[in-house]
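Step one of this worksheet: look at the structure below.
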Amino acid sequence: MENVLYSVNGPVVTVRGTRDFSMLEMVYIGEKRLTGEVISMDDERTTIQVYENTTSLSPGEPVYPTGAPVSATLGPGLLQNIFDGIGRPLRAIAERSGAFIAAGVSVPSLDETKKWPVKITVKPGDTLSPGSVFATTRETALIEHRSMVPPHLSGEVISVRPDGDYTITEPLVTLRDAAGKEHPLTLMQHWPIRDPRPVRSRLPISMPLLTGQRIVDTMFPIAKGGTAAIPGGFGTGKTMTQHQLAKWCDADIIVYIGCGERGNEMTQVLEEFGELIDPKSGQPLTARTVLIANTSNMPVAAREASIYTGITIAEYYRDMGYHVAIMADSTSRWAEALREISGRLEEMPAEEGFPAYLPSRISQFYERAGYMQTLCGEYGSVSIIGAVSPQGADFSEPVTQNTKRFVRCFWALDKSLAYARHYPAINWNSSYSEYVEELENWYKNNVGRKFLQYRQEISTILAEESRLMDIVKLIGEDVLPDDQKLTMEMARVVRIGFLQQNAFHADDTYVPLDKQLKMMRCILHLYHKAAALVQMGVPLSAISATGLSDKLIKMKYDIPNSRPELFDQYYQDIDDALAGISS
């Protein structure tokens with residue numbers, strides 16, 4: 001029986017009287033062959049979500065099965081490229097259809113005509129297992145692309161081609177499996193976006209993902225292979241925080257997913273990343289970046305798929321042995337896409353209209369993060385940092401609450417901090433990280449044995465300030481004793497001089513961990529010395545008159561990252577100034 005459309009309901013269409021499809025199969029709909037995916041089936045009808053605009057569709061148009069799931073095309077050419085939610089290259093589409101994506105436009109995900117300089121790393125007679133590297137090519141100045149045997153395939157190499165320039169579709173190695181069947185291997189492979197790529201083992205968290213942002217690295221660290229959420233209301237800086245993390249974190253590769261965000265924000269990302277220079281190599285930052293752009297005016301079903309497209313690309317590079325960081329902005333827009341499609345399917349809504357399976361979908365996404373030993377024995381990681389956009393900055397709404405269940409790092413953005421121009425606007429009282437204990441040995445061995453001790457003391461000062469502020473709001477600060485006033489003053493130094501960071505200052509936009517350690521030590525040095533004087537009866541006003549607090553607030557600017565030895569003079573200045581008071 002011919003497969004034809006029966007009904008069209010926005011991005012959801014149905015086909016009646018057919019059993020030619022399978023669950024999660026990719027299909028082509030209508031004369032324009034729009035891309036879709038089977039999402040439910042029964043004896044009477046098949047339901048398909050369409051990843052393109054369905055305005056032109058009408059009942060009676062044909063539907064073509066493909067026999068394969070929705071898959072990402074993986075190979076050299078992913079980096080420095082921009083894709084839509086289902087992996088189509090936007091630059092190539094723009095050349096063909098202009099500023100807007102034409103219905104049914106079909107463009108290969110990767111350039112099939114470009115030749116890559118390939119070095120074959122195997123020889124006839126070699127036995128290859130899943131994930132074994134059989135060829136390498138220089139994808140960008142920063143990244144060597146390692147072409148791997150697809151998962152679930154192994155065998156003996158029976159022929160290889162010489163080193164040279166090849167396209168992604170040309171066979172390079174021929175593999176004979178245990179059944180005697182021959183398989184040609186190319187630079188390109190496909191993988192279903194909803195299936196996690198297999199690994200040899202999941203490893204314990206052991207090292208942080210360094211970002212150069214003090215409130216992140218020191219107070220609320222995220223590990224390589226970890227998960228973090230950045231919730232915040234409109235204007236609190238979610239996107240800008242993710243931009244800063246993408247620029248400076250020490251991941252090898254960045255996958256930035258613009259999921260349902262405004263087009264001008266994605267334009268800003270493209271312009272900024274094109275101009276930025278990677279600090280470690282001096283090469284453009286785009287040389288290690290993949291961008292998935294699915295703006296708010298693009299089809300809602302493709303927004304739902306964009307998350308999976310991005311994580312599949314990240315897992316592919318992880319399998320090569322790279323550390324990958326995913327910036328998903330924003331998972332709330334992704335959840336809204338789930339809600340809209342669920343409503344079209346007439347499913348029973350749960351809290352605030354979201355589908356009952358929202359928690360499981362969120363967990364499926366975040367659980368694909370991790371620090372892994374790959375099939376070929378390499379070590380790689382995928383770290384996920386997802387922005388959440390709760391309406392009215394209400395952190396009790398379903399997406400934020402369910403995200404908290406599945407992430408171990410929570411950077412809560414505060415509207416009052418953002419409006420006071422305190423960036424990053426991460427609230428130190430509402431945020432947390434569960435990775436601190438697991439990273440303890442790394443900090444001790446690579447930064448300093450007292451790093452976590454200083455962090456705890458800084459946290460205690462901030463917590464004490466929060467408690468004292470409740471008293472100050474009732475009766476004023478003047479009635480506090482000097483020791484509590486000192487705590488309030490030192491908390492101000494911590495907030496402005498340490499937690500607040502200037503993204504536009506050359507030495508403050510990125511701060512190495514050794515400088516962060518010395519900054520904490522300097523602040524605590526003043527605090528302990530001043531506390532001892534207050535205990536001896538020296539008035540706090542005399543300590544404040546030295547101007548040491550303001551001097552420490554400015555040290556982040558006054559001490560270059562390359563001159564940590566200058567901190568020694570600060571310790572001496574503190575000792576000299578306070579010695580003059582006590583005498």
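Here, residue 1 is the first one in the sequence, and each next residue gets the next number.
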Distance only, no hydrogens: is a donor on one side chain within 3.5 Å (strictly under) of an acceptor on the other, for [X] and [Y]?
{"X": "Y357", "Y": "E347", "value": "yes"}
{"X": "H323", "Y": "Y371", "value": "no"}
{"X": "T509", "Y": "W248", "value": "yes"}

| task | Give the ring-plane orientation class for F365 versus W334, where under 30° counts as parallel, over 60° as perpendicular and anything between as tilted. | result |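 The arrangement is tilted - the two ring planes meet at 30° to 60°.
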Closer than 3.5 angstrom, by distance alone: can the side chain of [X] be matched with the main-chain N or O of [Y] as a donor-acceptor pair?
{"X": "Q401", "Y": "F395", "answer": "yes"}
{"X": "R455", "Y": "T218", "answer": "yes"}
{"X": "E397", "Y": "T400", "answer": "yes"}
{"X": "K551", "Y": "I574", "answer": "no"}
{"X": "K404", "Y": "C409", "answer": "no"}
{"X": "K238", "Y": "G232", "answer": "yes"}
{"X": "E315", "Y": "R197", "answer": "yes"}
{"X": "E139", "Y": "L78", "answer": "yes"}
{"X": "W428", "Y": "Y432", "answer": "no"}
{"X": "Q213", "Y": "T211", "answer": "yes"}

When you look at [atom1] of [X], are more than 12 heavy atoms from neighbouring residues, nucleotides or ligands closer to it than 6.0 Å?
{"X": "Y557", "atom1": "OH", "result": "yes"}
{"X": "R521", "atom1": "CZ", "result": "no"}
{"X": "K529", "atom1": "NZ", "result": "no"}
{"X": "R449", "atom1": "CZ", "result": "no"}

If you measure from [atom1] on [X] to [atom2] on [Y], what distance do you get to the nearest 0.5 Å?
{"X": "D252", "Y": "Y322", "atom1": "CG", "atom2": "OH", "result": "7.0 Å"}
{"X": "L552", "Y": "D558", "atom1": "CG", "atom2": "CG", "result": "10.5 Å"}
{"X": "I362", "Y": "T403", "atom1": "CD1", "atom2": "OG1", "result": "4.0 Å"}
{"X": "L526", "Y": "I543", "atom1": "CG", "atom2": "CD1", "result": "8.0 Å"}
{"X": "E465", "Y": "Q484", "atom1": "CD", "atom2": "CD", "result": "12.5 Å"}
{"X": "L480", "Y": "D478", "atom1": "CG", "atom2": "CG", "result": "8.5 Å"}

Would you name the heavy atoms of [X] and [Y] that are closest together and state the gap between them?
{"X": "Y571", "Y": "K518", "answer": "OH-O, 3.6 Å"}
{"X": "Q501", "Y": "G212", "answer": "NE2-O, 2.9 Å"}
{"X": "R339", "Y": "G353", "answer": "CG-O, 3.2 Å"}
{"X": "A301", "Y": "V50", "answer": "CB-O, 3.1 Å"}
{"X": "V407", "Y": "A229", "answer": "CG2-CB, 4.0 Å"}
{"X": "Q500", "Y": "D508", "answer": "O-OD2, 4.3 Å"}

Are any non-hydrogen side-chain atoms of [X] and [Y] less than 4.5 angstrom apart?
{"X": "I313", "Y": "I311", "value": "no"}
{"X": "S109", "Y": "L74", "value": "no"}
{"X": "L345", "Y": "I341", "value": "yes"}

For this session: For the pair D507 and K515, evaluate salt bridge (Lys or Arg N to Asp or Glu O under 4.0 Å) and give the outcome as yes or no after the intermediate values.
Result: CA-CA 11 Å; D507 282 309; K515 182 177 178 180; 5.6 Å; no
*Could you go through the ring pair (Phe, Tyr, Trp, His ring centres under 6.0 Å) check for H525 and Y570 one step at a time?*
CA-CA 10 Å; H525 184 71; Y570 274 65; over 10 Å; no
Exercise. Check salt bridge (charged side-chain N to carboxylate O under 4.0 Å, His left out) between D514 and all other residues, then give those that pass, not counting sequence neighbours.
Key: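 With sequence neighbours excluded, D514 shows a salt bridge (charged side-chain N to carboxylate O under 4.0 Å, His left out) to no residue whatsoever.
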Would you call E37-R194 a salt bridge at under 4.0 Å N-O?
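Salt bridge flag = yes for R194 with E37.
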**Asked** Checking side chain to side chain donor-acceptor pair (under 3.5 Å) for the pair Q49/Y51: CA distance, chi angles, key distance, verdict?
**Response** CA-CA 7 Å; Q49 68 176 1; Y51 293 129; 3.1 Å; yes
A cation-pi test, strictly: NZ or CZ of R288 under 6.0 Å from the centre of the six-membered ring of Y317 and no more than 45 degrees from its axis. Yes or no?
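Cation-pi check for R288 and Y317: fails.
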Assess the residue pair I523 and F498 against the criterion (side-chain contact (heavy atoms from CB on, under 4.5 Å)); give the C-alpha distance rounded to whole Å, side-chain angles, the decisive distance to 0.1 Å, and a yes or no. CA-CA 9 Å; I523 293 170; F498 188 76; 4.1 Å; yes
Margin query: What verdict does the side-chain contact (heavy atoms from CB on, under 4.5 Å) test give for L203 and M372, after you've listed the backbone C-alpha separation in whole Å, the side-chain angles of each residue and the deciding distance to 0.1 Å?
Written below: CA-CA 5 Å; L203 303 173; M372 312 291 192; 5.9 Å; no
